[in-house]
Structure formats: structure tokens, C-alpha cells
Amino acid sequence: MAQKQDDLYAMRHSLAHITADAVQRLWPEAKFGVGPVVEHGFYYDIDLGDEKVSEDDFKRIEKEMRKIIGADSAFEQSDKPVDEAITWAREAKQPYKEELLNDLKRAGTTSAKDIDAAELGLPSDGSKVDTVGFYTNDSFTDLCRGPHVVSTGKTGAFKLMRVAGAYWRGKEGNPQMQRLHGIAFATKEELDAHLHMLEEAKRRDHRKLGQEMDLFVFSDLVGPGLPLWTPRGTTIRTELDKFVQEMRTEYGYQAVTIPHITKKDLYEKSGHWNKFKDELFRMTTRDGHEFAMKPMNCPHHTQIYDSRPRSYRELPIRYRETTMVYRDEQTGELGGLTRVRSITQDDAHVFCRYSQVKEESLKIWDIIERFYGAQNMELSVRLSMRDPENPDGYLGSSEAWESTQAQLAELINEKIGDDYERGIGEAAFYGPKIDFKAKDAIGREHQVATIQLDFNQPEGFDLNCINENGEKERIVMIHCAVAGSLERFMSILIEHTAGKFPVWLAPEQIRLITVNQTEELIAFADTVAAQAGELGLRVVVDNSNESVGKKIRESEKAKVPYTIVIGEKEVETGETTPRVRGDLTVQEPSTLKIDNFLKTVHNEAKTRSSHTTI
RNA sequence: GCCGACAUAGCUCAGUUGGCCAGAGCGGCUGUUUUGUAAACAGCGGGUCGUGGGUUCGAAUCCCUCUGUCGGCUCCA
């Protein structure tokens, strides 16, 4: 298995070289940046000066690549002293390579942390070297550590996917190069499977389904990154949040409500003003006082906690609030619901003693598990810790970090054993956190819920309780979001379900279709709808002047879980054979009394089941 | 914010090298039909071709500006 991974890596890396080779054959003046392996494939950064590669050029680049592959020329490794390498780069008119090599010469090792050591032809262990590696195939030579496949013919199946701008060495301000991105797999079958997955992802795209299913809209007048939620979309959001809040109420969380703006003083004290003032929506009152829209809720919540002295007997104090925060994200970063400027957080803050962290975190974990369980999403866990090599990037003492990290590690271990990822340097600047990733129906993983420990804000806001000895004791805050951002979660949910929401979330749970539009049938359908309404079910009666077939088709297209045809038969017998949406049904359709059907659906919704019990 | 592509009816899209009143399907509305599990039939509306400017006898089509969308980069409390 590991061997297979290595082979794939070599194939992709070799394809990056072949891409550059092909580009150079077509544009002899091309300047090259770096060309590493990435998930599913590879890329190469190129600079054609005034010319630009476009997707229309992919055909001829790929054709050129196939020629190189067809020649099956060997990849030959060689080493050069650094100075010789620099001369090579200068003579080859490769200023970007020359820059990398000069940096290397200056530092003696891979000082350039932004560039993979492999790109410099260096050993991966960071050891000091005075020669760099090269690989040559046919007439093309590139700086590289390898490994490569034996010869250009052994590179599997590939496809160029897109070209996009990318800053040289990833730094805003540096010149922009063109990043030519390809995917590559060992076999044509695997490549096709991946392309199929991408097609499927496109079919499920939440922006497309959101419009088709009338869940949310954007308005040019309101502005980018500010989604407007329709009644149907709001129903889903409300149901999701209701679930989270029910569970939190069970665990002793109390709802609080805060204004959406604040004086800047709050964020000066919390430290956010300094760090994030450019991303705040700010405003000035007529008296010249500065205010800001809230970009997070914790500082406001601390002020409720700190409104009077707290006894240790009151702790933990748990606040919950689902509310919008506002961040002035750069326009280029906005996209669909995944990155927006008005973000609804299902936020909660626990104010507790250090000794209570573990128990409280386990309770939160329990809520998270139940929530994602109901979505049929598998969770994986990461402990995000500080980088001990770089203690300056974090607030608080090393001892506090060590002890809280150990506490979190212990509780993860207790909960799931050793099966978790450790993210060194992934912690927030104020404390370590447990991050949860959810896997969707087509195998993609999304960062979702978090449990974050915070011993910085309690310090900044001087948050205490009076302990058993009558002394002030510093408390700790736990931040937690279950769905995270409702906008982002909705995008994941839409793509996970492909719009086929489980009954409890479906904006429309049952559609009643009348066979004809006689008064008798309409009256009967209305009675059934009223009955369902009393059970809290969301029902729509379709008594439009269309054929039954047409109305069925529309109900299917709207992805309504249950469709019932109302005709004379139903009026006479009081029975129905419900039409069950494809993904829900596991058995033959059955006939049952209409009130039993309604009770069953009601029960499914109440228990948040994702399977039909009809 | 940066690089690139794109923007035609509510939706999906056609509109030849600039040239008569800008088209189709679906949806909508009206009428006929009274329908039994994925599309009945007919008719009628509907677009200052994203915005503002320019070139031209003439612009959806060419150039510039702005706005927005998409693919990336950078950023993400």
C-alpha cells in the first residue's frame, strides 16, 4: 500500500516535469516556478511573460505531453554543486529557479520554508548540503529531488484541469504566475472514477440546488456574501438549530441574547481590534463614537458573565445563542455559502473552572456526535496544539498549554482511544482545540464542529469566580459550535444529501395531489392537510389543473419525501399508498390508513430518522 | 485585494466575420380538458442583451469603467 502511494507520488511528480517540458516546447521563453505533487495530481507554476495560457491551449499541451510520454525517455538523476546549479539556471534563463538556488546558497539549507525541499532537489530531512539534485529526461532538465518514475512512459493516466493565477512563492505582492493544474492516477479507471466524482459534486453543487430548490438567494442590491434565506431554506435552518438547542438545553445551557453591534472598546480589550480591525464592519455615530458589527460573540458573552461576582457553586455557567456575526471578507474569497459575510453561528460558551474542562468537553462532544449521527456523517477528530518551536505565536504560559493540551488528549483518548490526528501548530492563539471533520456522501471531508479552550479572554476580561476559600479564581472559557456556521453547514448538507433532505429537515414533507379538481376531492385533501398540520407536519396540497403524471413529476423534482394521490378511492377507503422518495424506500410500497401514515411520518420527523418506516 | 474567464427572459441556453422589429425550451398567465403515480392541448404575455461611457452610418457583438458570478492565489478570530 505504501509502495503504491510512493509510485503514485513519483508518477504525479514526473507528470509535473512533463507538463513543464511540453510548455517549454510550445513556449520556449517560458519561465518556471515550482511544480509539486498535490492531492489528486500536480501543478506547475509558469510565467509566459506577456502571453497567457488559456484552457483552450490544454489540447495542444496534452498532445505535446503524450508525445513526451510516447518517447518513453528515461529520467536520469544527477547532482551539481550549488554554484554550478546557479550558473545552469542563469544560462537556462530561469530566474525563478535562480532565485531559489541563491536563497539556498545564502542559507545553506532549505531556509525557504514556503517551498518544498523536493523542489530544490534537497534531502527531505533538512540536512545541510552543498549539491542539489537534477532530473533530466530527453532534452528537459529540472531542479528536483525526485523520486521519479523510471521513464516518461510510466506515468499513468492524467488530465489537465485548469489554469489559475498564483503568487510566486505564495506571497501577495509577488508577481503572479499561471498555475497549470492536472490530476493524475495510476490507471485510466481511477482517473475516470475521480472525474465521475467531480461530475457528481457538480451535480450536487449547493449553489445550483439552492436556486433550483428555492432555499436561498443573493441580491446585487444587498451585496456579495450576504445570503437571503427563503421560507424553505429558513425551515431547514430552524430545524437544524432546534435540534442543537434542544440538546444544549438538556445539558444546562441557557439562552442569551446580545446586540449585533458594540463600541470598539470591547474589542480593544479582547485584543481583536488590533488583530482584525480591517475585517470588521465599522461605523461611526453622529457624535463620532466608533462602533463595529460583531465578528464573534464571545466578548459580548463575557460581559453577561462578568456582570456580577460569581460563586464557584454557580459554575459551569453555559450560554447558548444562535446569532449572526459579520466579517468583511475580501470579495475574492466569497463563494456560495461556503464563505460569506453574514455568518450564523450556533455558538455557545461555557465558563468553568479548570477542573471542569474535561466533563464539559465530553458533554459538548456528545452533542456533536448526536448531531452528525442524525446526518449520517462520519466524524474524525484532530487535536490542534500549539507549535512548541514557536511559543511566541501563542498567549499564555507553557505550563498552561502543556496541562490543557494534556487534558484534551486524555479526554480524546478516553472517548475514542488513539485514533485521532494531532495538529501541531494548528491551535488558536488563545488555546488548544478539538476539531471535528465530517465525511459527506461522496467521500469529501469538511471541517465542522470545534471545542476550543480559551484561557486568554478570561485573562483579558479578568473573569473570576470566588472559590471555596473565598479567593478569586481565574476561570476558563470553552467555545463551541456544533453546526459551526449554519451557512457553511447548509452548503455541506445540501451537497451531502443532493437536496434529498431527511423528513425532519425537508421544507415540504408531504405533498397531496388531487386526481381531479372536484369540490369533494379538494375538500378531502384540505382535511388531510389540516390533520397533518395539527401534527406539525409541513404539507402542500397540489390541486392545480394538471395531469396526475405531471404533478407527480413535479413533486419528485422538488424532492418531496412523501407524495400522496387523493382520488375517489382514498375518499372511500381512507387508505393511501404513499409514493416514497427513491432514497428513502427500502421496501415495497404499502397501503395504510391515512391517519396511520400521518402518525408514522410525524414520528419519523420527531425522532429525526433518516430512513422511512412506511 | 490579486490573476484569469464569464454576464442575453424567472430558469437553462441559441444568437454566423458589427447590419431588418433579439430567438428556443421549461416556468408564468388565460382558455379548453376532469385527468390515478415522472411532462394533456391551444393561445398570450415576458428581455432598455449586468451598469455607465466610447468607437461606428449602425453595437448583444469591438474598446474602457463599474458591479456581480465562477476558477485559483492570498486571508480566515
Side-chain angles (χ1 to χ4, degrees), chain A residues 43 45 47 52-56 114 161-181 202 205 207-208 211-212 214 217-225 267 270-280 294-299 325 327-336 338-341 343 345 347 428-431 433 447 450 452 454 456-457 479 481 485 488 511 513-522 543-558 563-570 576-582 589:
Chain A
Y43 67 78
D45 283 349
D47 179 356
K52 293 272 180 269
V53 172
S54 82
E55 295 194 5
D56 303 334
D114 52 327
M161 295 302 285
R162 63 179 73 94
V163 57
Y167 296 108
W168 165 235
R169 303 181 86 165
K171 277 204 198 83
E172 210 171 352
N174 274 352
Q176 279 213 330
M177 311 189 67
Q178 288 192 287
R179 178 162 298 177
L180 209 49
H181 187 108
K202 213 165 156 188
D205 191 318
R207 293 168 294 202
K208 182 170 158 267
Q211 186 191 55
E212 276 172 21
D214 190 27
V217 295
F218 288 91
S219 155
D220 283 0
L221 290 176
V222 175
Y267 298 137
S270 71
H272 288 101
W273 186 265
N274 227 347
K275 213 169 151 97
F276 295 111
K277 62 170 176 285
D278 290 340
E279 282 111 276
L280 293 179
K294 65 181 162 83
M296 82 290 287
N297 307 308
C298 25
V325 297
R327 297 176 185 178
D328 186 8
E329 308 281 7
Q330 297 190 78
T331 50
E333 288 152 2
L334 303 171
T338 40
R339 192 82 176 265
V340 290
R341 283 172 160 166
I343 307 153
Q345 295 182 327
D347 212 356
F429 69 95
Y430 48 70
K433 53 183 182 165
Q447 164 78 50
T450 66
Q452 305 190 3
D454 182 355
N456 166 48
Q457 289 192 67
H479 307 244
S485 132
R488 217 176 94 78
R511 186 172 292 192
I513 289 176
T514 55
V515 170
N516 59 47
Q517 282 59 252
T518 57
E519 264 176 50
E520 189 198 13
L521 279 193
I522 291 177
N543 57 19
S544 63
N545 185 9
E546 299 286 352
S547 68
V548 172
K550 175 75 171 287
K551 290 200 270 192
I552 291 282
R553 180 179 152 86
E554 279 178 358
S555 186
E556 285 283 345
K557 275 173 66 181
T563 306
I564 291 191
V565 175
I566 300 286
E568 306 217 342
K569 210 166 63 191
E570 282 71 20
T576 177
T577 308
R579 189 182 168 100
V580 183
R581 196 180 62 200

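Just so it is clear: chains get the letters A, B, ... in the order the sequence lines come, proteins before strands, and each one is counted from 1. Given the structure is predicted, the values throughout are model-derived calculations rather than measurements.
For the pair Asp278(A)/Asp328(A), no side-chain contact is recorded, criterion being any heavy-atom separation below 4.5 Å from C-beta on.
You won't find any donor-acceptor pair under 3.5 Å spanning the side chain of Tyr43(A) and the base of G72(B), going by distance alone. Between the side chain of Asp220(A) and the base of U69(B) there is no donor-acceptor pair of N/O atoms closer than 3.5 Å. Side-chain atoms of Glu333(A) and base atoms of U74(B) include a donor and an acceptor less than 3.5 Å apart. Between the base of A5(B) and the side chain of Arg162(A) there is no donor-acceptor pair shorter than 3.5 Å. At a cut-off of 3.5 angstrom, counting only N and O atoms as typed in the model, there is a donor on one side and an acceptor on the other between the side-chain of Glu570(A) and the base of G36(B). Residue Arg339(A) places a side-chain atom within donor-acceptor reach of the base of C76(B), judged by atom type and a 3.5 Å distance cut-off alone. Within 3.5 Å, no donor on the side chain of Arg169(A) pairs with an acceptor on the base of C73(B), nor the reverse.
Nucleotide A14(B) forms no Watson-Crick or G-U wobble pair with any nucleotide shown, as no partner meets the under 3.5 Å limit on both distances. Searching all strands for a Watson-Crick or G-U wobble partner of C44(B) with both distances below 3.5 Å returns G28(B).
With C1' as the reference atom, U17(B) and A60(B) are 16 Å apart, rounded to whole Å. Taking the C1' atoms as reference points, A7(B) lies 16 Å from A14(B), given to the whole Å.
In terms of phosphate contacts, Thr518(A) brings no side-chain nitrogen or oxygen within less than 4.0 Å of OP1 or OP2 of U34(B).
Counting to the nearest Å, the P atom of U74(B) and the CD atom of Glu329(A) are 15 Å from each other.
Nucleic acid contact class of Gly431(A) (heavy atoms, under 4.0 Å, all strands): none. Heavy atoms of Val548(A) sit under 4.0 angstrom from primed sugar atoms or phosphate atoms, though from no base atom. Within the nucleic acid shown, Gly549(A) comes within 4.0 Å of sugar-phosphate atoms alone, with no base atom in reach, counting heavy atoms only.
Comparing G36(B), C75(B), C73(B) by their closest approach to the side chain of Lys569(A) singles out G36(B).
Sequence order on RNA chain B of the closest nucleotides to Gln211(A) and Gln517(A) puts Gln211(A) first from the 5' end.
Counting non-hydrogen atoms of neighbouring residues, nucleotides and ligands closer than 6.0 angstrom, the CD atom of Glu55(A) exceeds 12 such neighbours.
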